[in-house]
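Structure record follows, encoded as structure tokens.
Note that ligands are numbered from 1 as they come in the structure, with each ligand's atoms numbered from 1 the same way. By convention here, the first residue in the shown sequence is residue 1.
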Amino acid sequence: KAGQSIDSSFLFYSEEMNQRAKEHLRIESELRQALQNNELQLYYQPKVSLRSGRIVGAEALLRWRHPLRGLVSPGVFIPVAEETGLILDLGAWVLEEACRQVREWRDANMITPPIAVNLSARQFDAELPKRIAAVLERHQVQPDQINLEITESLLVRGTDKVIAIMNQLVAMGMSLALDDFGTGYSSLAYLKKFPISTLKIDRSFVIGLPYEENDCAIARAIVTMAQQLRQEIVAEGVETAEQMAFLRELGCDQLQGYLFSQPVPAADFATMLREGKRLAFANR
Ligand code: C2E
Ligand code: MG
Ligand code: MG
Ligand code: MG
């Protein structure tokens with residue numbers, strides 16, 4: 001009897017793995033087509049200053065409009081793209097599209113804040129600075145109009161090579177932000193080695209503010225030490241006025257989150273800029 005149940009759970013398990021592998025392959029091949037069929041789109045999520053309440057930046061976030069499945073979230077397809085290496089093509093597309101958009105806004109006489117794009121660790125090779133310079137040049141976009149968000153996995157792998165590439169990007173006039181900070185393994189002391197100007201506190205530490213003591217302590221420690229390192233601090237995933245009030249009190253510089261706006265299509269972000277949408281500090 002016991003043997004039977006082991007067998008059937010084994011069968012069930014391998015069937016599940018089989019399903020996952022199939023799903024993975026399907027996403028991979030559909031994603032390749034998506035690149036060619038213009039099914040990808042960038043959404044923009046504003047970053048707002050906790051001093052002025054004004055929009056001071058935005059993060060470009062990839063969206064996939066699947067003809068049958070509708071909007072597919074990056075949480076589903078980025079991991080597949082990372083595994084298959086397709087992230088290199090996706091990443092190149094994102095950079096190109098962000099620059100094209102910035103240029104289009106400038107041609108329309110709009111003043112836009114810096115737009116941040118997410119970089120996969122796999123994009124981070126010796127050719128990256130040259131590739132980025134070529135895209136900026138092609139669209140006649142200044143390097144300070146595009147920021148780069150990287151993750152801690154890159155630092156942990158952190159060789160002198162990675163530092164050299166980062167230094168090249170900074171020398172070109174670009175700024176680097178460390179995304180999802182606190183979820184990886186790098187310590188703040190370690191951070192000193194890297195030319196990173198902004199830390200983004202991960203949403204998982206923001207959720208519990210201001211009621212979870214541990215989250216408050218972590219947020220406080222990150223902000224305090226980042227200030228010592230003269231880095232800007234952005235809080236991700238801010239959804240409530242209470243979270244905002246706490247972060248403001250701590251001296252956090254910017255917030256990004258549903259409290260102010262979800263990621264929106266380019267036209268909607270342009271409208272927010274034009275109308276001068278601002279964060280209301282209602283509870284203070
Ligand atoms: P991320 O870079 O940390 O982006 C922030 C994510 O948090 C976004 O999810 C955003 O929609 C979500 N978010 C922002 N504010 C809130 C909030 O108040 N509440 C909640 N619940 N969520 C909030 P999204 O757009 O689904 O992207 C997920 C992740 O996919 C990104 O995390 C990033 O790691 C990756 N990603 C997205 N676009 C790209 C890209 O172009 N290239 C690469 N390499 N990765 C990307
Ligand atoms: Mg990001
Ligand atoms: Mg993030
Ligand atoms: Mg995140």
Pair Lys277-Val48, side-chain contact (heavy atoms from CB on, under 4.5 Å): steps then yes or no: CA-CA 10 Å; Lys277 180 176 174 175; Val48 291; over 6 Å; no

Arg51 and Asp253: salt bridge (Lys or Arg N to Asp or Glu O under 4.0 Å), yes or no, with the steps? CA-CA 7 Å; Arg51 271 178 293 271; Asp253 299 293; 3.2 Å; yes

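Polar contact check, Arg63 against ligand 1: a nitrogen or oxygen pair lies under 3.5 Å apart. For ligand 1, one of its N or O atoms has an N or O atom of Leu62 under 3.5 Å away. The distance criterion of under 3.5 Å between nitrogen or oxygen atoms is met by Asp179 with respect to ligand 1.
Remark: among candidates Asn118, Asp180, Val76, Thr240, the nearest residue to atom 33 (C) of ligand 1 is Asn118, based on non-hydrogen atoms. Counting only non-hydrogen atoms, the option in Tyr258, Phe181, Phe77 that gets closest to atom 23 (C) of ligand 1 is Tyr258. Of the candidates Gln256, Gln45, Glu236, the one placing a heavy atom closest to atom 15 (N) of ligand 1 is Gln45.
For the ligand labelled ligand 1, residue Lys200 lies outside the 4.0 Å heavy-atom shell. Residue Glu59 places a heavy atom under 4.0 Å from ligand 1. A heavy-atom separation below 4.0 Å is found between Pro263 and ligand 1.
Counting atoms of ligand 1 from 1 in the listed order, those under 4.0 Å from a heavy atom of Val94 are 41 (O). Within ligand 1, counting atoms from 1 as listed, the ones closer than 4.0 Å to a heavy atom of Glu239 are 17 (C), 18 (O), 19 (N), 20 (C), 21 (N). Against a heavy-atom cut-off of under 4.0 Å, Gly257 is close to the following atoms of ligand 1: 15 (N), 18 (O).
Looking only at its N/O/S atoms, Glu59 has OE2 as the one nearest to the Mg ion (ligand 2).
For Arg203, every heavy-atom contact with ligand 1 shorter than 4.0 Å involves the side chain, none the backbone. Residue contacts with ligand 1, taken as heavy atom pairs separated by less than 4.0 Å, involve Val238 solely via the backbone atoms N, CA, C and O.
Residues Phe77 and Ile27 share a closest heavy-atom pair of CB-CG2, 4.2 Å.
Note that CZ of Arg138 is 11.5 Å distant from CD of Gln140, once rounded to the nearest 0.5 Å. The OG1 atom of Thr198 sits 7.0 Å away from the CG atom of Asn147 when rounded to the nearest 0.5 Å. Between the CD atom of Glu149 and the NZ atom of Lys200 there is a distance of 3.5 Å, given to the nearest 0.5 Å.
Clustering ILVMFWY residues whenever any of their side-chain heavy atoms sit less than 4.5 angstrom apart, transitively, puts Phe181 in the very cluster that holds Leu229.
The side chain to side chain donor-acceptor pair (under 3.5 Å) test applied to Glu83 returns no partner, not counting sequence neighbours. In this view, Arg26 and Glu23, Glu30 satisfy the side chain to side chain donor-acceptor pair (under 3.5 Å) rule, not counting sequence neighbours.
Inclusion of Glu236 in the first shell of the Mg ion (ligand 2) is not supported: no N, O or S atom falls under 2.8 Å.
Ring geometry for Phe269 versus Tyr44: interplanar angle under 30°, hence parallel rather than tilted (30 to 60°).
At least one donor-acceptor pair closer than 3.5 Å links the side chain of Gln45 to the backbone N or O of Ser261.
Annotation: angle subtended at the Mg ion (ligand 2) by Asp179 OD2 and Glu149 OE1 is 90°, to 10°.
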